[in-house]
Structures are given as C-alpha cells and as structure tokens.
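The next block holds one structure in the form of structure tokens; read it before the comments.
Chain letters run A, B, ... following the sequence lines, proteins first and then strands; every chain starts at 1.
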Amino acid sequence: MADQEFTQIRLDKLTRMRELGHDPFAVEKFEFKHSAQELLDNFDALVAEDQEITFAGRIVAMREMGKASFLQLSDGDGRIQVYIKKDDLGETGWEISMLLDLGDHIGVAGKLFRTRTEERSIHVSVITPMSKSLHILPLGKEKEGESWGKLSDVEQRYRHRHLDLLANPEARKMLINRAKIVSAVRHYFDQEGYLEVETPLLQLEAGGAAARPFLTHYNADVPKVYEVGRVFRNEGVSNRHNPEFTMLEFYEAYVNLEDMMTRVEECFKFVCLEVFGSTTIDLGGHSFDFEKPWHRVDLLESIEKFSGIKPEELRDFDSAKAAMARVGLPTAKENNLGGIIEKLLERFVENELQEPTFVVGYPIETSPLAKKDPNRPGFTRRFEGYIRGREVCNAFSEINDPIDQRERFEQQLGARAAGDDEAHPMDEEFLYALECGMPPAGGCGIGLDRMAMMLLGSEHLREILMFPMMKPEQD
RNA sequence: GAGCCGGUAGCUCAGUCGGUAGAGCAUCGCCCUUUUAAGGCGUGGGUCCUGGGUUCGAGUCCCAGCCGGCUCACCA
C-alpha cells in the first residue's frame with residue numbers, strides 16, 4: 001500500500017471518529033498528574049488508594065486481542081501499558097478505540113492493576129483520542145532492551161528529528177542533557193553574580209575567523225559578564241564541526257589567569273552536579289572527577305615532554321623550523337614562531353592530555369588579544385583547557401593597554417597582508433574603548449556544544465544538536 | 001575542498017553471473033476479552049536517488065550529478 005493510500009485510510013478513520021461524536025483535534029486540555037515512570041515507581045501505593053487515574057501519551061505499541069486490546073502509551077520519558085476491553089468502554093467507546101493507530105495521542109482514565117503476567121497497567125474505562133497520526137511511524141519493536149526496525153538512517157534521523165526523538169530514547173536523552181548543560185552553565189554564572197549580555201550578530205566583522213567573534217565592549221563598566229551566543233563558521237562539517245554552534249564567553253575584571261582556571265573548574269563541577277548529580281562521570285572507560293583541580297602544565301614544557309623538542313630550540317623561527325622538520329612535520333606553510341609552537345602542541349601534546357589539564361603560556365603571534373607575559377618575551381598570559389585530548393576552553397588576561405593592543409592589531413594586519421586571512425582585523429571602536437580606560441580582566445571562551453559532547457561522551461557533535469546542518473533534499 | 005563507501009516498500013534490510021524485485025516489521029481483511037517482538041489465516045504496497053550511456057535486456061556495468069556516512073584538510 002502506497003503511503004498516500006495509507007494516509008487516506010487514516011483520514012477515513014478520523015472522519016468516522018468525528019461521526020461517532022469525538023473530534024480528536026478539537027481537544028485542547030487533558031489533565032493528568034503522573035508521568036509513566038511515576039505511575040510505575042509508585043504503583044503499589046497508587047493501587048492501594050484505588051483511585052481512578054488519568055494519563056496521556058502516544059500509542060507506541062498495540063496488541064489487539066479481539067474484543068480487548070493492549071496499548072503502550074509513551075509520554076516521551078517512559079511508557080506504560082494500557083488495557084482496554086469492549087465491556088468497559090461501551091459500544092461507542094469501543095468503536096472509537098478500534099479506530100486508533102500507532103502514533104496517535106490519547107488520554108485514558110481508569111484504575112491501575114497488574115495483568116496475569118504482572119505487567120503494571122491501566123485498566124481503562126474512558127479513552128480520549130487527541131490526535132491522529134496520518135503516517136506510518138518508524139517505531140520498530142523492542143524486547144528486553146533490544147529493538148528492531150526502528151528509524152536508524154542517520155540522514156533521516158536528523159532530517160526528521162521528531163521521529164528520531166520518539167524512536168530513539170538515547171537520542172532524546174542526549175539532546176535533553178545538552179539543554180540541561182547549557183542551562184546549568186547559565187545557573188553557575190548567574191549565581192556567581194555575572195550579568196548575562198547579548199552582543200549583536202549582524203554587525204560582526206565579516207571573516208573574523210580567528211580567535212573570538214565577540215569583542216569585549218561591555219566589560220569596561222560591568223565587572224562580570226557572560227554571553228551564550230551563536231557563532232558561525234564557514235568551514236567544513238565533521239563530527240566535531242557545525243557551521244553554527246553555541247559559544248560561552250565570560251569576562252571578569254580584576255582577576256588573573258589562576259582565577260579564570262578556578263572559574264572553569266568550578267563551572268564544570270557545578271554543571272556535573274546539576275546535570276548528573278555527581279562530580280564524577282565515566283567517559284570512555286575512565287572515571288573523571290571534577291571535584292579535583294585540573295592539571296597545570298607549561299606549554300613549552302609539555303612540548304618537550306611529548307616531542308623531545310627543548311624550549312631553547314623554540315626561541316627563534318629558524319631553529320624552531322629546523323626542530324619541526326627534525327620530528328617529521330611539514331614546515332612549508334609556517335611563517336612565524338608562534339604558529340610552529342601551536343602546531344607542535346597540536347601534534348604532540350593535545351592527544352596526551354586525557355585528564356583535565358590547563359596548558360599555560362601561548363605565543364604572542366597567535367594571541368592578539370592576550371596580555372604579554374612580563375617575564376617571558378614572545379609569550380602571553382593565556383591558557384587552554386583540555387579533556388580527553390580535546391580543547392574545551394581558551395582563556396587569557398585581556399589586554400587593557402590601548403597602545404599594546406594597537407600594536408597587536410597592526411601586527412595582525414601585517415600577517416593579513418602576508419596572506420594570513422585568519423589574522424585579526426583592526427577594530428577602532430574596541431581601541432577607543434580601551435583608550436577610555438578598562439580595568440584588568442580575564443576572559444574565557446568555552447564551546448558549549450563540545451562541552452556537552454565531552455560530558456555526554458558523544459563522538460558526534462550532531463548528536464547533541466537538535467538540528468544539525470543538512471543540505472536541502474532534492475524534490 | 002580531497003579520497004573511500006553508501007542510497008531498493010512507511011521502517012530495517014536482502015537481491016547471485018545483466019534476464020521485468022524479495023523478507024521481517026508496519027499496513028489492510030478475518031479470528032481471538034490479561035497480551036507484551038502477542039498469535040493464526042489471508043492481502044496489498046516499488047520514479048530500485050536523479051539524468052545520460054552500453055546492451056536484445058540494467059537495481060546490477062560505465063559516465064555525470066544530488067544527498068548521506070567515514071577518513072583527511074580547515075578549525076572551535
């Protein structure tokens with residue numbers, strides 16, 4: 001039977017239901033107190049009360065037995081069995097129930113009971129259909145945790161997320177937890193006295209692909225601000241990249257790098273507690289405890305540890321390039337010392353940082369907005385955090401010296417002229433703000449999609465995005 | 001952006017050597033008043049991603065394109 005014919009059959013059932021005096025789509029409200037899980041959890045107590053209960057959900061399984069039927073209703077989180085029989089519903093009620101299909105939403109009223117096989121169920125006296133599904137839903141079947149035939153085609157799961165959500169509980173849980181994580185992040189900064197701000201998206205400097213999309217116009221007069229915002233990148237899609245993603249940025253005046261590290265530690269701990277109820281989570285067979293402070297390592301020392309390249313070799317461009325060649329990396333594209341150092345970090349160090357770790361001391365060329373380290377020429381007061389070999393945050397002491405910042409922008413313009421289109425653009429408005437006076441401040445960015453991926457153990461970014469980027473289907 | 005793999009019924013998939021497409025579930029009909037991947041009997045359902053080409057004949061072989069997956073590159 002073609003899909004069109006199928007839809008016509010269900011439309012006919014809808015018409016018949018209306019003829020029998022019930023229009024599912026006319027219903028607005030249906031009151032019920034308990035979720036499916038609550039009914040199951042408190043089953044014996046509720047049975048003892050002997051009260052009529054109500055429940056509403058989607059029909060996700062149906063077993064007809066002649067003049068009786070068993071349905072399973074899902075409220076999204078859980079499902080409970082419902083038992084209906086002709087004697088209880090009456091002629092009209094029974095005829096309406098015979099017009100029900102998988103995918104319909106119904107409300108039921110009745111008493112709780114256990115079947116012969118001890119299945120906790122609702123013995124229904126009244127049914128109230130509230131929507132009619134006009135398509136065959138890819139629900140599949142399941143038994144003891146195993147399932148068959150349900151929607152699994154990756155493309156279709158993302159194109160029809162609503163179907164994914166009802167067919168795949170794991171997918172649903174993943175997306176709910178992502179939302180909880182973002183919410184918990186906000187709770188953390190709110191309770192710490194930060195002001196949430198929103199910066200305009202449509203005025204952003206086009207092509208500002210390097211570093212940060214938001215500039216810190218706000219933090220001159222507001223000591224603690226954060227923003228959860230959408231960011232766009234015209235780059236390839238992968239299991240770690242989506243053209244638009246969600247970024248947390250926070251800024252706090254009068255604090256140093258160590259304070260920012262503490263913020264990050266506290267934020268992760270807070271989120272774990274709020275979302276999972278524990279600071280300890282298991283990922284990839286390892287246990288991570290966010291109660292513990294993160295490791296702190298110096299960038300150059302970590303490069304030496306994992307590549308053997310000594311800090312002295314990374315003092316100037318030529319010897320750094322020679323060292324890079326020695327360890328077998330291509331050097332043709334490199335044109336500055338900082339770039340080489342970051343490449344070495346990427347190739348030798350990042351994968352080794354399984355435990356939560358802050359890498360401190362980034363080169364000046366790749367950190368155009370970070371304060372210089374007074375004790376180390378060529379390096380800045382900047383760190384990145386890594387967990388399971390992946391970057392989770394990028395933080396630094398903001399430059400508040402307008403002269404220094406102007407020089408950095410000019411260096412970036414030079415790099416841009418030399419062909420580096422990732423170089424930071426000049427921003428006169430930002431410089432003007434600094435010239436008017438800005439206190440010392442720490443700033444930090446955390447990719448919330450990747451934070452969610454990490455905390456939820458997902459290997460695919462799209463699994464924690466409700467609507468990952470998909471090209472339009474052809475007609 | 002490059003390489004490799006994939007696209008067949010509503011869903012999950014099979015389809016041999018090139019000979020006009022199959023299964024399970026879902027659907028539809030009948031039976032069944034405590035079933036649970038309910039069961040029994042029966043039924044229908046296909047632009048084989050699209051467009052070309054080779055061939056007497058293409059789901060199958062060739063070319064181009066579209067969409068997706070994986071890996072790489074870029075990055076967060």
Which value, in whole Å, describes the distance between the [atom1] atoms of nucleotides [N] and [M]?
N     : M     : atom1 : value
B/G24 : B/G45 : C1'   : 15 Å
B/C62 : B/U55 : P     : 16 Å
B/U60 : B/G6  : P     : 13 Å
B/C13 : B/A73 : C1'   : 34 Å
B/G22 : B/U8  : C1'   : 10 Å
B/G59 : B/A9  : C1'   : 14 Å
B/G15 : B/C31 : P     : 39 Å
B/C11 : B/C32 : C1'   : 27 Å

In whole Å, what is the span from the [atom1] atom of [X] to the [atom2] atom of [N]?
X      : N     : atom1 : atom2 : value
A/I9   : B/G44 : CD1   : C1'   : 9 Å
A/I136 : B/G44 : CD1   : C1'   : 12 Å
A/R159 : B/C11 : CZ    : P     : 13 Å
A/W148 : B/A37 : CH2   : P     : 8 Å
A/E459 : B/U71 : CD    : P     : 10 Å

Determine, for [X] against [Y], whether the closest basic-nitrogen to carboxylate-oxygen distance falls under 4.0 angstrom.
X      : Y      : answer
A/D41  : A/R120 : no
A/D87  : A/K67  : no
A/R186 : A/E196 : yes
A/E265 : A/R296 : yes
A/K269 : A/E266 : no
A/R240 : A/E235 : no

Looking across every strand, which nucleic acid part, if any, lies under 4.0 Å from [X] by heavy atom: base, sugar-phosphate, or nothing?
X      : value
A/E144 : nothing
A/D88  : nothing
A/H160 : nothing
A/L139 : nothing
A/E119 : base
A/R120 : nothing

Any side-chain N or O of [X] less than 4.0 Å from the OP1 or OP2 oxygen of [N]?
X      : N     : result
A/K141 : B/A38 : yes
A/H135 : B/U27 : no
A/K13  : B/C28 : yes
A/K343 : B/C74 : yes
A/K471 : B/C67 : yes
A/N239 : B/G69 : no
A/R157 : B/G69 : no
A/K85  : B/U33 : no

**Prompt:** Does the separation of the ring centres of A/F189 and A/Y194 fall below 6.0 angstrom?
**Reply:** yes
**Asked** Does the aromatic ring of A/F6 sit over the six-membered base ring of B/G10, closer than 5.5 Å centre to centre and tilted less than 30°?
**Response**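 It does not: the ring fails the test against the base of B/G10.
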In Watson-Crick or G-U wobble terms, both distances under 3.5 Å, what is the partner of [N]?
N     : result
B/G19 : B/C56
B/C11 : B/G24
B/A2  : B/U71
B/C41 : B/G29
B/A64 : B/U50

Donor-acceptor pairs under 3.5 Å, side chain of residues 51-66 of chain A to any protein atom, not counting sequence neighbours: which ones?
from	atom 1	to	atom 2	distance (Å)
A/Q51	NE2	A/E49	O	3.4
A/E52	OE1	A/S125	OG	3.4
A/T54	OG1	A/E31	O	2.8
A/R58	NE	A/G103	O	3.0
A/R63	NH2	A/Q81	OE1	2.9

Look at the side chain of [X] against the base of [N] and say whether a donor-acceptor pair falls under 3.5 Å; ignore hydrogens and angles.
X      : N     : result
A/R63  : B/U35 : yes
A/Q81  : B/U35 : yes
A/T115 : B/U35 : yes

